[in-house]
Amino acid sequence: MHHFQYKNNELYCESVSVTKIAEDVGTPFYLYSHATLKRHFEAFNGAFEGMNRLVCFSAKANTNLAILHLFASMGSGLDIVSGGELYRGLEAGFSPGKIVYSGVGKKIDEIDYAISSKILMFNVESLEELELINSRAKNLKLKAPIALRVNPDVDPKTHPYISTGLKKNKFGIESDAALEAYKAAMEMKNIQIIGIDCHIGSQITQVRPFEDALTKLKLLAGTLKELGIIIQYLDMGGGLGITYSDESPPHPVEYAKALVNSLKETSLALILEPGRVIVGNAGILVTQVLYRKSGKIKEFAIVDAAMNDLMRPTLYKAFHAIEPVKKTEKGTIIADVVGPICETGDFLALDRQIADVQRGDFLAVMSAGAYGFTMSSNYCSRPRAAEVMVYKDRFEVIRQRETYQDLNKGESIPSFLL
Ligand code: LLP
């Protein structure tokens with residue numbers, strides 16, 4: 001990560017000292033590097049140069065408006081999974097014609113919103129959903145463009161919670177049933193079949209599972225052609241992994257090469273839905289050490305960021321490197337890095353070798369740009385953290401830290417209790 005680097009033992013984001021931002025904004029906060037966001041999008045999109053493709057950034061990884069706006073301005077499309085993501089995407093400046101909508105549980109109001117916004121396509125995950133989209137489109141006197149999300153039954157070899165393309169997973173339509181589903185779609189007057197889609201999982205560190213899924217999708221596309229169902233788009237979903245510690249995922253160029261090679265003989269346009277690979281290593285979470293505590297068998301660094309700010313360590317046992325914002329000569333300790341929440345699961349790292357920090361020191365939780373803020377909550381009535389973006393030697397708060405008043409938003413005490 002070139003844009004998070006030490007200068008004279010001080011961590012910098014581009015040309016701004018992280019300590020300076022922490023003193024200005026307070027902690028905890030998410031910090032994103034504009035240059036890294038841009039470079040990662042360009043590297044991914046550029047890897048498919050010459051190919052008829054649309055990269056749709058996966059909103060769920062990071063929905064901050066400023067970040068969405070940046071990608072929209074670079075020509076990105078958007079992969080959404082809810083009406084809320086559609087709303088934020090449109091507000092951020094994405095053209096509806098570049099938005100694809102996945103998810104097993106789309107509700108009527110979300111379907112209507114997406115049809116009338118004229119999104120590029122729905123990735124449909126069941127027959128019942130298909131029927132509903134058809135009837136809602138009829139109601140709106142429009143045609144809904146769709147792809148069927150096929151579950152290709154390949155093992156992405158990642159954490160079970162983020163595997164999605166196995167038979168036992170709730171996602172997509174099983175490959176054996178897909179053909180029948182396409183035939184049914186063909187009969188629906190307000191459905192326009194334009195694509196085929198899959199998404200096999202996340203944090204995938206090998207090319208092979210993608211190749212296997214693509215082979216299955218191509219086969220199905222061929223059969224569809226024989227039936228006179230001509231599709232334009234093949235959506236491969238997201239899922240390319242990143243380095244959190246010692247993983248060595250394929251570079252986007254290697255990933256692209258595998259897909260492009262396999263697609264050479266077709267005229268299909270490729271859609272990709274990367275999330276983590278674009279934003280994961282473009283952001284960090286900055287927190288301050290509140291206390292040190294030494295137990296008989298454990299050393300604790302108690303910090304002001306908690307599981308409500310970053311769920312990944314406790315939810316997936318995910319590893320995030322923890323670096324000192326200011327390096328000192330003091331050496332290291334083995335400690336649990338824990339937050340203020342009253343749960344044993346409230347940790348950012350367990351038995352981790354970290355800098356020998358003191359009260360008041362700042363720590364950087366690395367690789368926190370994807371599924372960090374978007375998965376945060378107000379548990380224990382903790383206002384959600386601020387988000388900051390650095391651009392060269394400038395920084396700006398792109399989401400204010402929530403206030404206590406924000407915590408009560410929308411709540412009221414009913415008259416029968418007064
Ligand atoms: N497309 C679809 C349909 C998806 O479900 C996902 C992620 C993506 C694209 C983007 O995948 P990516 O390129 O980011 O791997 N919260 C978990 C990750 C859940 C991913 C869910 N789907 C985590 O923190 O690791």
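As the structure lists them, so they are numbered: ligands from 1, and atoms in each ligand from 1.
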Centroid-centroid distance, Phe71 to Phe41, less than 6.0 Å: yes

Ion pair check, Arg394 and Glu14, cut-off under 4.0 Å: no

Salt-bridge contact Asp235-Arg149 (side-chain N to carboxylate O under 4.0 Å): no

Within-shell test, Ala370 vs ligand 1, heavy atom, strictly < 4.0 Å: no

Short N or O distance, Tyr316 and ligand 1, threshold 3.5 Å exclusive: yes

Close N or O approach (Met375, ligand 1; < 3.5 Å): no

Sole residue of Arg382, Glu343, Arg384 in side chain to side chain donor-acceptor pair (under 3.5 Å) with Asn308: Arg382

Row check, Phe319 ring normal vs Arg352 NZ/CZ: under 6.0 Å, within 45°: yes

Any N/O pair Gly275/ligand 1 closer than 3.5 Å: yes

Ligand 1 contact by Asp79, heavy-atom criterion under 4.0 angstrom: yes

Nitrogen or oxygen atoms of Arg312 and ligand 1 under 3.5 Å apart: yes

Nearest candidate to atom 21 (C) of ligand 1, where distance is taken over non-hydrogen atoms, out of Arg276, Gln203, Glu273, Lys60: Lys60

Close approach, Met311 and ligand 1, non-hydrogen under 4.0 angstrom: no

Full working for salt bridge (charged side-chain N to carboxylate O under 4.0 Å, His left out) between Asp212 and Arg208: CA-CA 6 Å; Asp212 292 348; Arg208 190 61 198 272; 3.1 Å; yes

Atoms of ligand 1 close to Arg149 [distance to a heavy atom under 4.0 angstrom, numbered from 1]: 3 (C)

Identity of the nearest option to atom 15 (O) of ligand 1, non-hydrogen atoms only, from Gly172, Ser202, Ala59: Ser202

Residue selection (non-hydrogen contact nearest atom 13 (O) of ligand 1) among Gly201, Ala61, Ser58, Gly239: Gly239

Salt bridge flag under 4.0 Å for residues Lys20 and Glu10: no

Ionic contact status for Glu129 with Lys106, cut-off 4.0 Å: yes

Sub-4.0 Å heavy-atom approach of Pro274 to ligand 1: yes

